[in-house]
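These numbers come from the heavy atoms of this one structure, side chains and all, not from hydrogens, waters or symmetry mates. Quick caveat: nothing in here was measured; it's all calculated off a predicted structure.
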Amino acid sequence: MRTSAAAGGLAAIVFGLAVLASTALQLAQQTLGFQDTDSPAVNLSYLRDHPENYLHQGLAMFVMALALAIVVFAVWDVLAGRSGSLGLRTVSALGLMAAASFFLFGVMRYGVRPLLYIDSLDTSWGESAYLVQQIAGVHGFAAAAIVTMCGWAVGVAILGDRSRALPRWLALFAIIPAFRLLTFIGPLLPQDVDLGGLWIVLMLSIPGTTVWFVLLGVVLLRRGLRPAPSPAPAPA
């Protein structure tokens, strides 16, 4: 278990770094002088000049998917035998669903070359293909990945706190991904509802969730590097 805990700790930290890399690539459009807009014409113009941005985002998503899957299995080993089987299986399923969704979103990002090929045949086709990729990728796979990832984090915090397998402070910090789950209730609210300061808290929960994963990685890494207890001496 200690070996898998150490591997899970490293994977959680790698996951956090890959999230930061993906975010930086997402913000690169503005730094390169292109407007941050929903217009497919503007965004396609950006991708024609910088297709490597989407390629690198896809690679970052692949790393996130693999790292998250390793973390899920490592946490399973830590909680196994200390938590209810059904609860642990359900929470772990959420984590693996999140990893799969990140991978599928990465596939769509990595497929920028076919998108540009369609655009070269007809600009209107390219804009339509871009919109399909946005709806299926950003509002489909990416949204599913975030929901299931945050659900996994909250479930792990609850199971880890009840079983005392994880520190209490880490479980308390899981309120951050729990807040991020609340961002998905937006479509259910009337358009004229003013969330006020709560909206700022919800936005801060986005980088805060990444910080929680890094903290989880530190906890797992310390557990994995801790010397194993010495076996009890045999009776005379």
Side-chain angles (χ1 to χ4, degrees), residues 11-72 94-153 177 180-181 183-184 186-187 203 205-214:
I13 295 173
V14 169
F15 177 84
L17 294 176
V19 171
L20 293 178
S22 176
T23 303
L25 290 168
Q26 187 68 31
L27 298 175
Q29 181 169 343
Q30 300 178 58
T31 61
L32 292 173
F34 289 84
Q35 184 181 3
D36 182 15
T37 176
D38 293 328
S39 170
V42 174
N43 292 327
L44 276 173
S45 177
Y46 164 69
L47 290 178
R48 293 187 198 104
D49 294 340
H50 304 280
E52 71 280 356
N53 181 285
Y54 267 29
L55 289 173
H56 295 160
Q57 281 190 54
L59 292 175
M61 291 294 168
F62 295 155
V63 172
M64 289 166 57
L66 178 60
L68 182 57
I70 295 174
V71 176
V72 170
L94 288 176
L96 295 178
M97 288 170 59
S101 298
F102 277 125
F103 178 81
L104 293 174
F105 182 46
V107 169
M108 299 203 72
R109 278 290 194 254
Y110 199 73
V112 64
R113 297 292 185 186
L115 172 64
L116 293 177
Y117 172 73
I118 295 173
D119 178 65
S120 69
L121 299 177
D122 189 293
T123 303
S124 62
W125 294 359
E127 293 181 2
S128 299
Y130 174 83
L131 291 174
V132 170
Q133 189 184 84
Q134 285 295 102
I135 295 298
V138 176
H139 301 287
F141 294 129
I146 293 172
V147 169
T148 50
M149 176 191 69
C150 292
W152 176 83
R180 192 171 185 186
L181 281 173
T183 60
F184 290 91
M203 290 299 99
S205 68
I206 297 176
T209 301
T210 304
V211 173
W212 185 87
F213 269 89
V214 173

Heavy-atom check, side chain of W152 versus side chain of V71, under 4.5 Å: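 Answer yes - side chains close enough.
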
T209 (side chain) donor-acceptor with S205 (main chain) under 3.5 angstrom: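 Yes, T209 side chain to S205 backbone: donor-acceptor pair under 3.5 Å.
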
Y117 backbone acceptor or donor facing S120 side chain under 3.5 Å: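 Side chain of S120 to backbone of Y117: a pair is present.
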
Any chance you could measure [X], atom [atom1], to [Y], atom [atom2], to the nearest 0.5 Å?
X    : Y    : atom1 : atom2 : result
W125 : D119 : CH2   : CG    : 11.5 Å
I135 : M108 : CD1   : CE    : 10.5 Å
M149 : W212 : CE    : CH2   : 9.5 Å
I118 : S124 : CD1   : OG    : 11.5 Å
C150 : L94  : SG    : CG    : 11.0 Å
L59  : M64  : CG    : CE    : 12.5 Å

Sequence neighbours excluded - salt bridge (charged side-chain N to carboxylate O under 4.0 Å, His left out) pairs with any residue from residues 125-141: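 Residue pairs passing salt bridge (charged side-chain N to carboxylate O under 4.0 Å, His left out), neighbours aside: none found.
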
Might you point out which heavy atoms bring [X] and [Y] nearest each other, and give the distance in Å?
X    : Y    : result
P177 : A153 : CG-CB, 3.9 Å
Q133 : G111 : NE2-O, 4.3 Å
V19  : T210 : CG1-OG1, 3.4 Å
S22  : A60  : CB-CB, 4.1 Å
V214 : G16  : CG2-CA, 4.3 Å
L68  : A98  : CD2-CB, 3.7 Å

Sequence neighbours excluded - side chain to side chain donor-acceptor pair (under 3.5 Å) pairs with any residue from residues 23-34: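 Listed by first then second residue: Q29-N43, Q30-D36.
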
Sequence neighbours excluded, every pair satisfying side chain to side chain donor-acceptor pair (under 3.5 Å) that has a member inside residues 56-67: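 Every pair satisfying side chain to side chain donor-acceptor pair (under 3.5 Å) with a residue in residues 56-67: N53-Q57, Q57-R109.
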
Between F105 and F141, ring centroids under 6.0 Å: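 They do not qualify: ring centres at least 6.0 Å apart.
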
Y54, OH: over 12 other non-hydrogen atoms inside 6.0 angstrom: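 Enclosed.
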
Aromatic plane relationship, F213 with F15 - under 30° parallel, 30 to 60° tilted, over 60° perpendicular: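 Ring orientation of F15 relative to F213: tilted.
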
Geometric class of the Y110/F62 ring pair [parallel <30°, tilted 30-60°, perpendicular >60°]: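 Rings of F62 and Y110: tilted, as their planes differ by 30° to 60°.
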
Residues which pass salt bridge (Lys or Arg N to Asp or Glu O under 4.0 Å) with R113, listed by chain and number, not counting sequence neighbours: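 Expected list: none.
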
For A144, all residues meeting side chain to side chain contact (heavy atoms under 4.5 Å, CB included), sequence neighbours excluded: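 For A144, the residues satisfying side chain to side chain contact (heavy atoms under 4.5 Å, CB included) (neighbours in sequence not counted) are S101.
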
Partners passing side chain to side chain contact (heavy atoms under 4.5 Å, CB included) against V132 (at least two apart in sequence or in another chain):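 None.
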
